[in-house]
Asks: 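I'd like to ask you about the structure that follows.
These figures come from a predicted structure and were not determined experimentally.
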Amino acid sequence: MAKCYSEWPPLPPLHPPRRTPSQTSLWTIRRQLASFVLHCSRSCASPLLEPKNLPDEFHAVSASTPAPVPVPVSPLPDAPKLGISNKFIRGLCSDRQTEQLAFECYRRALHQPEFLPDKKTMNALTVQLLRAKQWSSLEFLVEDFRAYGVMPERRTCARLVASCVKARKFGLADMVLGVLEGKRGAPAAVAFSSAMQAYNKLHMYRSTLLVYERMRAARLSRDADAYRAVMAACGALGKPEMVASLLKQYKSHKWYPSESCVETYAIVCDALGRAGRASDALKCLREMEADGIAPNATIYSSIIRSLADAHESSAAEDLYNEAWKKGMLGDPDMFLKVIVMHVEAGRVEKTMGVAKDMRETGLRVTDCILSTIVNGFVKRRGLKPAIRAYDKLIALGCEPGQVTYASVINVYCQLGRSDRAESVFSEMIDRGFDKCVVAYGNMISMYGKISRASDAMRLLAVMKKKGCEPNIWVYNSLLDMHGRLGNSRQAEKIWKEMMRRKIQPDRISYTAIINAFNRSGELDRCMDLYQEFRETGGKVDTALAGLMVGVFSKCSRFNELIELLKDMQGTRLDRRLYLTVLRSLRDAGLEVHVKWLQTNFSFVEEKT
């Protein structure tokens, strides 16, 4: 049995902050009315109220202008047959304090036979639900789009689809597109275009193509944004033929040519360049110039990058110079591609000009670019020209980074300039690059080669203190240093530290520590380590074989020596190793094995 109006509980007063008296009274009426409407609809089956037929108590409140005070709501004696209007729902949506009640009022209003939602109401509800991210409510609203044949505004439709895709509510986005599919109006075209752009942002390029095919099947008009979105998707998927075909369709529309076409050409040139069709991208540039469209810096950079990747040096240089005269160069990635192209072509001197151009345009010459130039000179011109190139780059105002410092230190180490290597290393540490394993490894290796063991161990301690973990290369340098010095005790300490840090030794590690024990006369330890190396599947090279030939000969372990030689059968030995084995076998009186050695092995003459 329905409650009578006298049994309804009074509505609680609300106190909105910082409102004018007139705003407060109107807001209070709207809030209390919405609450009253919802209470009525839940408590009884009587018709709902409409704001124009409010009781006298509400009109008295709206006419007053005092500061916000609790507004008493007296019971309504006779409930008139009233309903919810579209205007009332939009009023709820327009106020942040009451917008959460709007959709519920809308759902109740649908039970009224005379109620039909209009375009403005659908638009307001869609915007409010999107703002609140109420996806389940939006699903109901989208179904009503179809049921009542009423859609929000064009911009709201586009925002709805894009928001659904961004939130990964792909089913809901598909529902919206399904409702719009048969309408063939501006909202449908804009919504489909918005969906494709949203899928591209998520790198869901195949979904973009599916939406485009769906759009084409529905015979919807495609705007410039739709063409750009599908071209970008095709370019990312490596479909340059489809990009070229879409460009022809794009050029057939009335908006071509115009300033907005520059962005389209940028997408097309990038897609062709990614597909390895640099010459086609260059042709595209010339076509747009012929149509009176001026290319921008993005298009120039894209085509120069693609030409450099394709090793079309002449065309890349010509376009580079053309863009430089127009002031269209400003992409660091493009400069790097050009520098790599010059290095690979052996024209390393031109890399200095590119670096100078970067400085003149105000761009920072990155560490990657600097190290590429230095290493290019090392590879193509040698160590000393590389140092001269580095000094010129510093004179241009370039600032080296960790990779460049490590490369320069390595060059100085190879030149035997320990003083310059230490100076550059100190500069690198002062600038905060104190965790470069390569630089530490180069310095430790250099100290090992010039027998400065104490400096090498000191640097190892500094390296650990800085939190830079030594790698296998660093440990191998230390083992080699102690091995050549015959310091087996220190070599064994390094070896145990490697085991403790779970760094797996390689063939160089075993060769270095066996050499250390060999020099100290601990031959049994040499053979144990060699056996361990072979058990782990290691393969013997000439350096390790030379060591073990000496060890086996000293121990008169000729059977092991012959087994070692059999494992190396087919390998050309160097002259020293060959003569050492031959002498050992003859001293032992093993003439049969001497003949076997002479028959199955040859040696390489050492270069003088």
Side-chain angles (χ1 to χ4, degrees), residues 89-90 93-94 99 102-103 106 117-234 236 246 249-250 253-255 258-261 263-264 267:
I89 295 172
R90 293 197 298 272
C93 291
S94 64
E99 63 181 3
F103 185 70
Y106 165 76
D118 59 18
K119 186 182 187 71
K120 291 183 179 179
T121 300
M122 288 299 195
N123 193 76
L125 286 170
T126 303
V127 171
Q128 186 270 316
L129 294 175
L130 278 176
R131 188 164 52 237
K133 297 182 179 180
Q134 296 182 8
W135 305 110
S136 57
S137 299
L138 277 168
E139 287 187 24
F140 287 112
L141 193 64
V142 171
E143 289 293 345
D144 289 345
F145 292 169
R146 189 193 306 275
Y148 293 99
V150 180
M151 299 297 300
E153 296 175 358
R154 177 175 61 181
R155 203 165 88 182
T156 305
C157 288
R159 179 185 169 190
L160 173 59
V161 174
S163 299
C164 291
V165 174
K166 182 180 179 180
R168 297 185 179 273
K169 304 293 181 181
F170 304 125
L172 183 54
D174 189 67
M175 284 177 60
V176 178
L177 295 178
V179 174
L180 291 166
E181 209 163 7
K183 294 192 174 295
R184 300 186 185 180
V190 172
F192 271 83
S193 175
S194 178
M196 289 189 286
Q197 294 175 63
Y199 278 121
N200 279 353
K201 289 180 181 178
L202 295 179
H203 303 287
M204 298 176 65
Y205 302 114
R206 296 192 185 281
S207 297
T208 301
L209 293 186
L210 291 174
V211 172
Y212 175 76
E213 291 299 330
R214 187 174 173 181
M215 187 180 189
R216 192 172 66 171
R219 297 183 180 179
L220 296 175
S221 61
R222 283 150 279 177
D223 58 11
D225 290 334
Y227 275 107
R228 280 192 285 269
V230 71
M231 285 180 192
C234 291
L246 288 166
Q249 297 178 32
Y250 176 86
H253 287 277
K254 61 182 180 181
W255 59 69
S258 65
E259 293 183 1
S260 62
C261 297
E263 185 181 351
T264 304
I267 293 171

Asks: Would you compute the distance between atom OG of S221 and atom NE2 of H253 and round it to the nearest 0.5 angstrom?
Replies: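 The OG atom of S221 sits 9.0 Å away from the NE2 atom of H253.
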Asks: If you round to the nearest 0.5 Å, how far is CD of E263 from CE of M231?
Replies: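 Going from the CE atom of M231 to the CD atom of E263 covers 11.0 Å.
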Asks: Distance-only criterion, 3.5 Å: show the donor-acceptor pairs between side-chain atoms of residues 128-156 and protein atoms not counting sequence neighbours.
Replies:
{"residue": "R131", "atom": "NH2", "partner": "E99", "partner atom": "OE1", "Å": "2.7"}
{"residue": "D144", "atom": "OD2", "partner": "Y106", "partner atom": "OH", "Å": "2.8"}
{"residue": "T156", "atom": "OG1", "partner": "N123", "partner atom": "OD1", "Å": "2.5"}

Asks: Among pairs that include at least one residue of residues 157-172, which meet salt bridge (charged side-chain N to carboxylate O under 4.0 Å, His left out), considering only residues two or more places apart or in two chains?
Replies: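 Qualifying pairs: none.
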Asks: Taking all non-hydrogen atoms of both residues into account, name the closest pair between L220 and A188 and its distance.
Replies: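 Minimum heavy-atom contact is CD2-CB, 4.1 Å.
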Asks: Can you run down the ring-ring contact (aromatic ring centres under 6.0 Å, His included) pairs that involve residues 171-190, sequence neighbours left out, and say none if there aren't any?
Replies: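 For residues 171-190, and leaving out neighbouring residues, there are no ring-ring contact (aromatic ring centres under 6.0 Å, His included) pairs at all.
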Asks: Quick one, L125 and C93 - any side-chain contact, counting heavy atoms below 4.5 Å?
Replies: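 Answer yes - side chains close enough.
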Asks: Taking only residues two or more places apart in sequence, or in another chain, which ones meet D118 in a salt bridge (charged side-chain N to carboxylate O under 4.0 Å, His left out)?
Replies: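 In terms of salt bridge (charged side-chain N to carboxylate O under 4.0 Å, His left out), with neighbours along the sequence ignored, D118 is linked to R90.
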Asks: For residues 211-218, which side-chain donor-acceptor pairs fall under 3.5 Å, sequence neighbours excluded?
Replies:
{"residue": "Y212", "atom": "OH", "partner": "R222", "partner atom": "NH1", "Å": "3.0"}
{"residue": "E213", "atom": "OE1", "partner": "R216", "partner atom": "NH2", "Å": "2.8"}
{"residue": "R214", "atom": "NE", "partner": "E181", "partner atom": "OE1", "Å": "3.4"}
{"residue": "R214", "atom": "NE", "partner": "E181", "partner atom": "OE2", "Å": "3.2"}
{"residue": "R214", "atom": "NH1", "partner": "D174", "partner atom": "OD1", "Å": "2.3"}
{"residue": "R214", "atom": "NH2", "partner": "D174", "partner atom": "O", "Å": "3.4"}
{"residue": "R214", "atom": "NH2", "partner": "E181", "partner atom": "OE1", "Å": "3.4"}

Asks: How would you list, by chain and number, every residue that makes a ring pair (Phe, Tyr, Trp, His ring centres under 6.0 Å) with H203, sequence neighbours excluded?
Replies: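 Y205.
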Asks: Which atom pair, heavy atoms only, marks the closest approach of Y250 to T264?
Replies: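 Minimum heavy-atom separation between Y250 and T264: OH-OG1, 3.1 Å.
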Asks: Please tabulate, one pair per line, all N/O donor-acceptor pairs under 3.5 Å involving side-chain atoms of residues 193-201, not counting sequence neighbours.
Replies:
{"residue": "S193", "atom": "OG", "partner": "Q197", "partner atom": "NE2", "Å": "3.2"}
{"residue": "S193", "atom": "OG", "partner": "A226", "partner atom": "N", "Å": "3.3"}
{"residue": "S194", "atom": "OG", "partner": "A158", "partner atom": "O", "Å": "2.9"}
{"residue": "Q197", "atom": "NE2", "partner": "S193", "partner atom": "O", "Å": "3.4"}
{"residue": "N200", "atom": "OD1", "partner": "T208", "partner atom": "OG1", "Å": "2.9"}
{"residue": "N200", "atom": "ND2", "partner": "A229", "partner atom": "O", "Å": "2.9"}

Asks: Just jot down the side chain to side chain contact (heavy atoms under 4.5 Å, CB included) partners of S258, sequence neighbours excluded, or say none.
Replies: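 Counting only residues at least two positions away or on another chain, S258 forms a side chain to side chain contact (heavy atoms under 4.5 Å, CB included) with S260, C261.
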